[in-house]
Amino acid sequence: MPKIVQGDHNGQGKKFGIVVSKFYESISGNLLDGALGMLAEHGVADDAITIAWTPGTFEIPLVAKKMAESDGYDAVITLGCVIRGETAHFDYVAGEAAKGIGQVSMESGCPVLFGVLTTETREQAIARSGPNSGNKGADVAMAALEMANLMGQL
């Protein structure tokens, strides 16, 4: 019978870095609230969380890299929002943020979770960051807990 490993959601003793974009701060702040609530619900101590604010989403990968390479965190959560406008700016920012975040995770060996909303409208972003249903910050925090525990078993 094969050995099966999977992470659980126990946050006790785990440390997390959270990188949050200030651009669309009300939306990012809601994502952060969701992530912090989920981490606390699963036993992560307040002093085991470091939050770093970046000016925008494009800057998230560099800060995530610094955290991931520090060996001080079991996982790094990235949170932000890019809303499509009338120019190609959305494509560049969203694409480079996604690529950079994924690259940091692969190169560092530390789970770096993608919690950047990429929406067509502000209304979609608000719906995905609200407290009532489907806060993607909370979803990403759950994935971070699971990945942190999974990596500890490998």
Side-chain angles (χ1 to χ4, degrees), residues 7-9 11 14-70 72-108 110-151:
D8 60 28
H9 300 125
K14 300 292 183 206
K15 293 183 74 173
F16 294 88
I18 303 177
V19 186
V20 191
S21 168
K22 285 194 264 184
F23 207 83
Y24 296 118
E25 189 170 352
S26 63
I27 292 166
S28 296
N30 287 342
L31 293 170
L32 178 60
D33 289 345
L36 291 173
M38 190 59 68
L39 293 174
E41 185 178 319
H42 288 87
V44 179
D46 284 347
D47 63 356
I49 301 168
T50 300
I51 301 166
W53 287 88
T54 62
T57 301
F58 189 82
E59 295 79 18
I60 288 175
L62 178 61
V63 177
K65 181 178 194 289
K66 183 83 169 175
M67 285 182 152
E69 291 178 346
S70 75
Y73 305 99
D74 295 291
V76 176
I77 298 167
T78 63
L79 303 171
C81 179
V82 185
I83 300 172
R84 186 176 299 280
E86 296 177 2
T87 68
H89 184 257
F90 171 92
D91 298 313
Y92 293 111
V93 173
E96 289 302 312
K99 183 172 124 185
I101 291 166
Q103 184 177 353
V104 168
S105 190
M106 293 299 293
E107 289 177 1
S108 69
C110 176
V112 181
L113 288 293
F114 186 80
V116 176
L117 300 179
T118 55
T119 64
E120 298 293 321
T121 66
R122 183 172 183 78
E123 292 73 25
Q124 289 175 344
I126 291 168
R128 286 161 178 77
S129 65
N132 295 333
S133 63
N135 182 301
K136 297 305 176 188
D139 293 348
V140 171
M142 282 292 279
L145 286 160
E146 192 168 331
M147 285 298 295
N149 285 300
L150 174 60
M151 294 301 286

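Quantities reported herein were computed from a predicted structural model and do not represent experimental measurements. Numbering of residues begins at 1 and proceeds along the displayed sequence.
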Q: Donor-acceptor pairs are to be reported for all side-chain atoms of residues 38-45 against protein atoms at under 3.5 Å, with residues two or more places apart or in another chain.
A:
unit_1: H42; atom_1: ND1; unit_2: M38; atom_2: O; d: 3.0

Q: Rounded to the nearest 0.5 Å, how far apart are CG of L32 and CG of L79?
A: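 Rounded to the nearest 0.5 Å, the CG-CG separation comes to 6.5 Å.
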
Q: Are the side chains of V63 and V76 in contact, using a 4.5 Å heavy-atom criterion?
A: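 Contact flag for V76/V63 side chains = no.
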
Q: When you look at N149 and K14, which way does the side-chain contact (heavy atoms from CB on, under 4.5 Å) test go after all the steps?
A: CA-CA 9 Å; N149 285 300; K14 300 292 183 206; 3.0 Å; yes

Q: Compare every heavy atom of T118 with every heavy atom of A94, then report the nearest pair and how far apart it is.
A: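 Distance-wise, the nearest heavy atoms are CB-CG2, 3.8 Å.
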
Q: Mind checking what makes salt bridge (Lys or Arg N to Asp or Glu O under 4.0 Å) contact with E120, not counting sequence neighbours?
A: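 Here the qualifying residues are R84.
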
Q: Give me the atom names and distance for the closest heavy-atom approach of P111 to D74.
A: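 Nearest pair, atom of P111 first, then D74: CD-O, 3.4 Å.
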
Q: Taking only residues two or more places apart in sequence, or in another chain, which ones meet E69 in a side-chain hydrogen bond (donor to acceptor under 3.5 Å, both in side chains)?
A: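 Once residues adjacent in sequence are excluded, the partners of E69 under the side-chain hydrogen bond (donor to acceptor under 3.5 Å, both in side chains) criterion are K65.
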
Q: Looking only at heavy atoms, which two atoms of A68 and S108 are closest? And how far apart?
A: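 Smallest heavy-atom distance, with atoms named: CB-OG, 3.4 Å.
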
Q: Would you say that L145 contacts F16 through its side chain, given a criterion of any heavy-atom pair below 4.5 Å between the two side chains?
A: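 Of all side-chain heavy-atom pairs linking F16 with L145, at least one is under 4.5 Å.
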
Q: Just distance, no hydrogens or angles: give the donor-acceptor pairs under 3.5 Å from side chains in residues 96-105, sequence neighbours left out.
A:
unit_1: Q103; atom_1: NE2; unit_2: E107; atom_2: OE2; d: 2.9
unit_1: S105; atom_1: OG; unit_2: C110; atom_2: O; d: 3.2
unit_1: S105; atom_1: OG; unit_2: V112; atom_2: N; d: 3.3

Q: Check side-chain hydrogen bond (donor to acceptor under 3.5 Å, both in side chains) between D33 and all other residues, then give those that pass, not counting sequence neighbours.
A: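 Not a single residue meets the side-chain hydrogen bond (donor to acceptor under 3.5 Å, both in side chains) criterion with D33.
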
Q: Nearest heavy-atom pair of A125 and I83: which atoms, and what distance?
A: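 Heavy atoms only, the tightest pair is CB-CD1, 4.2 Å.
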
Q: To the nearest 0.5 Å, tell me how far I60 CD1 sits from L62 CG.
A: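 Rounded to the nearest 0.5 Å, the CD1-CG separation comes out at 11.5 Å.
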
Q: Among all residues two or more places apart in sequence or in another chain, which pass the salt bridge (Lys or Arg N to Asp or Glu O under 4.0 Å) test with D139?
A: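 With neighbours one apart ignored, the set is K136.
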
Q: Tell me, please, which residues at least two apart from I126 pass side chain to side chain contact (heavy atoms under 4.5 Å, CB included).
A: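 Scan of I126 (side chain to side chain contact (heavy atoms under 4.5 Å, CB included), adjacent residues dropped) gives I27, R122.
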
Q: Please report the shortest heavy-atom distance between T57 and C81, naming the atom on each side.
A: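 Smallest interatomic distance, heavy atoms only, reads OG1-O, 3.5 Å.
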
Q: Tell me, please, which residues at least two apart from V140 pass side chain to side chain contact (heavy atoms under 4.5 Å, CB included).
A: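 Partners of V140 by the side chain to side chain contact (heavy atoms under 4.5 Å, CB included) criterion, ordered by chain and then number, come out as I77, L113.
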
Q: Mark yes when over 12 heavy atoms from residues, nucleotides or ligands other than F114 sit less than 6.0 Å from its CZ; otherwise mark no.
A: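 Buried by this count: over 12 neighbours within 6.0 Å.
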
Q: When rounded to the nearest 0.5 angstrom, what is the spacing between CG in L31 and CZ in R128?
A: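 The CG atom of L31 sits 11.5 Å away from the CZ atom of R128.
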
Q: With a 3.5 Å distance limit and no angle check, can you tell me whether S28 reaches the backbone of E25 through a side-chain donor-acceptor pair?
A: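 Flag not set: sc S28 to bb E25 has no pair under 3.5 Å.
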
Q: Kindly write out the residues that satisfy side-chain hydrogen bond (donor to acceptor under 3.5 Å, both in side chains) with E59, not counting sequence neighbours, or none if the list is empty.
A: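 Per chain and number, E59 pairs via side-chain hydrogen bond (donor to acceptor under 3.5 Å, both in side chains) with no residue.
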
Q: State, to 0.1 Å, how close M67 and G17 come at their nearest heavy-atom pair, and which atoms those are.
A: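 Looking at all heavy atoms of both residues, the shortest contact is SD-CA, 3.8 Å.
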
Q: For T50, enumerate each residue passing the side-chain hydrogen bond (donor to acceptor under 3.5 Å, both in side chains) test, keeping only those at least two apart in sequence or located in another chain.
A: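 side-chain hydrogen bond (donor to acceptor under 3.5 Å, both in side chains) list for T50, sorted by chain: Y73.
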
